[in-house]
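Heads up, the thing below is written out as C-alpha cells.
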Amino acid sequence: MSQPPSPLSPAAAGDGPLSAQEVWDMLQARWQVSYDLQLVQRRGRVYLQVMWAYLEQQSFPLSEEGYRAKLEELVGLLNGLGVAGQVRRWLLTTTDKPRLGKALGLALEMPAGRASEFLL
C-alpha cells in the first residue's frame with residue numbers, strides 16, 4: 001500500500017508559485033536550519049545562492065522577523081521571474097550543503113523576456 005507523497009517530496013513538487021513558508025519548510029527539511037538565500041547576477045546570468053550563514057546562528061545579522069521579510073521578498077522575485085518550479089525541484093533534490101565560505105548556486109533558466117527585466 002503506497003502512501004501519498006510528502007509535501008516535501010520531489011513527486012509533489014509542482015510548478016505553481018512558491019510561498020515563503022514552503023521555502024522555509026524545504027530548508028528545514030533539507031538541512032535542519034534556515035540558510036540565507038540571495039539572488040546574484042554574474043556574467044549575464046542570475047543565480048539563486050544558498051549561503052553558509054543561517055538564522056539559527058548566534059551571529060546571524062537578522063531577527064526571525066527580518067529573515068521572514070527577506071524570504072517573502074525573495075520568493076516574490078523568484079515567482080515574478082517564473083522560476084518557482086526550478087527552485088522547488090532543486091531545493092528538494094540537491095544533496096550538497098553550503099560550507100563556510102562556499103555557497104550553493106543554482107543558475108536560473110528564466111523564460112524569454114524575463115531576464116532583460118533584471119539584467120543590466
Side-chain angles (χ1 to χ4, degrees):
M1 184 159 111
S2 77
Q3 296 181 356
S6 147
L8 296 179
S9 72
D15 283 332
L18 285 166
S19 71
Q21 185 62 51
E22 179 185 10
V23 172
W24 175 291
D25 291 344
M26 286 187 285
L27 293 171
Q28 288 291 321
R30 175 67 52 204
W31 295 296
Q32 291 74 52
V33 294
S34 307
Y35 281 113
D36 189 20
L37 301 174
Q38 296 182 7
L39 279 181
V40 178
Q41 176 188 336
R42 282 201 192 102
R43 294 183 215 115
R45 306 261 342 235
V46 177
Y47 297 84
L48 173 65
Q49 290 192 322
V50 179
M51 307 305 289
W52 56 89
Y54 52 92
L55 175 64
E56 294 80 7
Q57 271 178 314
Q58 216 171 10
S59 62
F60 194 71
L62 297 174
S63 65
E64 181 175 335
E65 181 179 288
Y67 176 84
R68 285 188 181 270
K70 181 180 177 184
L71 196 56
E72 287 282 349
E73 184 178 339
L74 178 80
V75 165
L77 286 170
L78 294 170
N79 287 331
L81 287 168
V83 296
Q86 289 174 57
V87 170
R88 182 180 289 115
R89 284 186 292 279
W90 183 66
L91 286 175
L92 290 172
T93 60
T94 186
T95 56
D96 291 336
K97 181 178 181 178
R99 307 251 182 255
L100 184 61
K102 183 180 181 297
L104 297 182
L106 168 66
L108 299 173
E109 298 295 329
M110 291 185 275
R114 292 287 184 160
S116 63
E117 296 175 29
F118 291 87
L119 301 176
L120 298 175

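Residue indices begin at 1 and follow the sequence shown. Since the model is a prediction, treat every value here as computed from it, not as a measurement.
- In terms of heavy atoms, R30 sits closest to L91 at NE-O, 3.3 Å.
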Test salt bridge (Lys or Arg N to Asp or Glu O under 4.0 Å) applied to R68 and E72, step by step: CA-CA 6 Å; R68 285 188 181 270; E72 287 282 349; over 6 Å; no
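- V23 places none of its side-chain heavy atoms less than 4.5 Å from the side chain of L78.
- To the nearest 0.5 angstrom, L77 atom CG is 6.0 Å from E73 atom CD.
- The distance from the CG atom of L18 to the CH2 atom of W24 is 16.0 Å, given to the nearest 0.5 Å.
- Atoms CD and CG, on E22 and L92 in that order, are 7.5 Å from each other to the nearest 0.5 Å.
- Following chains of ILVMFWY side-chain contacts shorter than 4.5 Å, one cannot reach M26 starting from Y47, and the two form parts of different hydrophobic clusters.
- Side-chain contact between L106 and T94 is absent, with no heavy atoms from C-beta onward closer than 4.5 Å.
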Could you check L37 against V75 for side-chain contact (heavy atoms from CB on, under 4.5 Å), going step by step and ending with a plain yes or no? CA-CA 10 Å; L37 301 174; V75 165; over 6 Å; no
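- Within 6.0 Å of the CD atom in E56, the count of heavy atoms belonging to other residues, nucleotides or ligands exceeds 12.
- Under the 4.5 Å side-chain criterion, counting only non-hydrogen atoms from C-beta, K97 is in contact with Y35.
- Of all heavy-atom pairs between M110 and V83, the closest is CG-CG1, 3.9 Å.
- When the shell of 6.0 Å around CD of E65 is examined, it contains 12 or fewer heavy atoms from other residues, nucleotides or ligands.
- Smallest separation of non-hydrogen atoms from A107 and Q86: O-OE1, 4.1 Å.
- The side-chain heavy atoms of Y54 and W31, taken from C-beta on, include no pair separated by under 4.5 Å.
- A donor-acceptor pair under 3.5 Å is formed between the side chain of R88 and the backbone N or O of P17.
- Side-chain contact between M51 and P98: absent, with no pair of heavy atoms (C-beta onward) separated by less than 4.5 Å.
- Between L62 atom CG and L55 atom CG the span is 8.0 Å, to the nearest 0.5 Å.
- Nearest approach of W52 to G101, heavy atoms of both residues: CD2-N, 3.3 Å.
- For the pair V50/W90, a side-chain contact is recorded, criterion being any heavy-atom separation below 4.5 Å from C-beta on.
- Residues A84 and N79 approach most closely at CB-OD1, 3.4 Å, considering heavy atoms.
- Residues D36 and K70 come closest through the heavy atom pair OD1-NZ, 2.6 Å.
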